[in-house]
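For reference, the structure is listed below as structure tokens.
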2 protein chains.
Amino acid sequence: MVSLSKKTTRRGGRVSRSKKRTGGVTMDHVAREAGVSLMTVSRVMNNVPGVKASTRDSVMRAVKALGYSPNAAARSLARNGAGRIGLLYSNPSAGYLSQFLVGALDGAQTSGALLVIEKCDASLESEAAAIGRLIAGGMAGVILPAPHAESDSAIAALREAGVVAIAVGTGHARPDAHGVRMDDFAAAAEMTRHLIELGHRRIGFIKGAVNQTASVERLLGFETEIRRADPPADCLVEPGDFTYRSGFEAAERLLSSDHPPTAIFASNDDMAAGALAAAHRRGLDVPGDLSVAGFDDTPLATAVWPELTTIRQPVARMAEAALRLVLQESRDQSRRDSRAPIDQLLPHQLIVRASTGQVPDKS
Amino acid sequence: MVSLSKKTTRRGGRVSRSKKRTGGVTMDHVAREAGVSLMTVSRVMNNVPGVKASTRDSVMRAVKALGYSPNAAARSLARNGAGRIGLLYSNPSAGYLSQFLVGALDGAQTSGALLVIEKCDASLESEAAAIGRLIAGGMAGVILPAPHAESDSAIAALREAGVVAIAVGTGHARPDAHGVRMDDFAAAAEMTRHLIELGHRRIGFIKGAVNQTASVERLLGFETEIRRADPPADCLVEPGDFTYRSGFEAAERLLSSDHPPTAIFASNDDMAAGALAAAHRRGLDVPGDLSVAGFDDTPLATAVWPELTTIRQPVARMAEAALRLVLQESRDQSRRDSRAPIDQLLPHQLIVRASTGQVPDKS
DNA sequence: CAAATTGATGTTAGCGCTATTAAAAAGTCC
DNA sequence: GGACTTTTTAATAGCGCTAACATCAATTTG
């Protein structure tokens, strides 16, 4: 019966429908409520300067009273494609991607952008093809997370097409693209200090994938802090590639050495989990016999036992920041030549959980 | 220098810009190319009946020639909110969410729907609030993945508001909502058969969270197959809640029993990974001394060592199917009373990897 | 004090697409 | 064969929003 109302009850049923249509209130309603013109509301919603504070207030009040929320589709349409943002992803570690997507989606919703997600695999051709699709799709800007942020060819192609590119999660600022990232160097140093303060003087480090600049920064941060330790500390560095397996194998190597470390710092959580497994396999207690630290604070960090001491990388916030930045830049770009790439650094946080502890007695 | 062209060639730039605006071609272009009216193109794009086959063909040809792709924003706007689909998520296992999101996003793009992602935490109030926002936001339909798919209150609220609800990943069809799911019972049975065929006759099972019907189905599938085994098999069932930790603990209990199982089948990959860790801790070789099987085939399954034998749940495909279904149903609902909920079953697959093997010799 | 300059708002015209209605072409019937 | 359906196509009016321009006060200035 309910659905019947579609045609028949144009009056009654339609009431609830007309309310439902687009979330109910439109700018028009708000304008009427606030006693201003539609355009003024638009200005307020977009933070355009040149609106009297009192007017702005009354509009905001009307917005709240009516529970108005702007229609992203209409906005995108009116803006004529500006605000269409592409996001290229391939296959980053599971936790990373979902957090990133959620952050970007969230940001898109608040800022009224239209996110277009494009997928590609690891190959360069696939990446180039995806970039091509994004450019052809008329994106105003493109967000490049983790692995693609390092791709010179992708960024060059975007520049060529006049599309704003944002590199997320690189080890250092790029000269050819805006960036949103964290201070990998400082974070790694901080974690290393944490281990040193716990008394560890022989620390193993598992490197990340070599083609990512963030890996390098993490290693440098670690080494710098090791050199600074007093009394002096010693380190063993093993290669890894950000996978659980590589962490497991690197830890095996570290633990089977003549003089094994009392702590292992892995460049990400996956590898730390691998190290944990290797330790357990040898019957070592964590953190009783061996401390293990990770990096990123992905869901995996709290899924393992004991829960990992790690560095919280604000992935969702970085995605949101990237979205905001790309939006702003793509708007500005059409006005003036703001050539200097912006480099936005977001704060990280050392999260101490159960996997690190005092160095064991030298018995 | 390249970037200079941006501003300097204002006239030239303008041209390319107007082309770039929205990915270039619009329906208008296609219509002109095909020699028909704009509306005919729209009909073809939406598969509306009442277009001569020859006309349809020539339109399709023009679409391909020009590389036209419809503008989702304009579509959503013109349809007046129909095609606005909500997606509620809380905190499913990391791998699950990103796969699901990607699938949904993908489907949204092809079918021209506008996805609105809404987040909530585990509490019922939070869920109710999120549902409220989605309803107020004028969604035509809402997709409820895993944990929320079991929420009677959420589904009732949506029904009340006349919003189509799709439950994804429940153990069995719901009477009050459409569903997209896999056959958990059959899949669990299949995995159990795999273990039995490897010679295992004493198998441990780790249950999933009790508030999810899928957990029950998986257990039932397991038990049914155990009973059917010839020669007869024995089983030990331990509780779990889908977390790594619960899997670890359950495996500890199983392995410390007087007569431990030779294989452990966990209701999901996280718990299987936990079981793996417990086995390694005891110095057991997997699969030499103990076989371990998971369920879901999340990224974790291939992140651990040895890689897990598991059931591949087509999460992305399920999300896409859910999107398609909700779109279709929300359209149909306004026409006629299609009351009988649709239950769509997607195929799963047994993935045999390195964590399961022949039963060890009884020496 | 009239004219030029701001500052704060209102008006108008679409963005690309879909419903709806009107019109035209093609059948159908007696 | 002309009035009457039944297909098929064309034309028009928005969906909710924003850019660009127009307006109208409140200033400032020569």
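Quick note on labels: first sequence line is chain A, next is B, and so on, each numbered from 1.
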Could you tell me the separation between the [atom1] atom of [X] and the [atom2] atom of [N], rounded to a whole number of Å?
| X | N | atom1 | atom2 | value |
| --- | --- | --- | --- | --- |
| A:Asn71 | C:dC17 | CG | P | 16 Å |
| B:Lys52 | D:dT9 | NZ | C1' | 10 Å |
| B:Arg32 | D:dA10 | CZ | P | 13 Å |
| A:Leu66 | D:dG16 | CG | P | 14 Å |
| A:His29 | D:dG16 | NE2 | C1' | 10 Å |
| B:Leu38 | D:dT12 | CG | P | 13 Å |
| B:Arg56 | D:dT8 | CZ | C1' | 12 Å |
| A:Asn47 | D:dT18 | CG | C1' | 15 Å |

Atom pair OG/CG of B:Ser76 and B:Leu115 - distance to nearest 0.5 Å: 11.0 Å
Gap separating the CZ atom of B:Arg159 from the CG atom of B:Asp176, nearest 0.5 angstrom: 6.0 Å
Could you check which of [options] has an atom nearest any side-chain atom of [X]?
| X | options | value |
| --- | --- | --- |
| B:Arg43 | D:dA10, D:dC15, D:dT18 | D:dA10 |
| B:Leu77 | D:dC15, C:dT11, C:dC17 | D:dC15 |
| A:Val36 | C:dG10, D:dC15, D:dG16 | C:dG10 |
| B:Arg75 | C:dT18, D:dT9, C:dA8 | C:dT18 |
| B:Ala74 | C:dC17, D:dT18, D:dT9 | C:dC17 |
| A:Arg79 | D:dT9, D:dA19, C:dT11 | D:dA19 |

With a 4.0 Å cut-off on heavy atoms, is B:Asn46 in touch with a base, just the backbone sugar-phosphate, or nothing at all? sugar-phosphate
Hey, does B:Thr55 reach any base, or is it just sugar-phosphate, or nothing, if we go heavy atoms under 4.0 Å? sugar-phosphate
Can you check whether A:Thr40 has a side-chain N or O nearer than 4.0 Å to OP1 or OP2 of C:dG10? yes
Check whether any side-chain N or O of B:Ser37 sits under 4.0 Å from OP1 or OP2 of D:dA10, and answer yes or no. yes
When A:Ser42 and B:Met39 are each assigned the nearest nucleotide of DNA chain D, the 5'-most assignment goes to B:Met39
Distance-only, no hydrogens or angles: does the A:His178 side chain make a donor-acceptor pair with backbone N or O of A:Pro341 under 3.5 Å? no
So, does A:Arg32 use its side chain to make a donor-acceptor pair with the main chain of A:Leu38 at under 3.5 Å? no
If I compare all heavy atoms of A:Asn71 with all of B:Leu77, which pair ends up nearest, and what's the gap? ND2-CD1, 4.2 Å
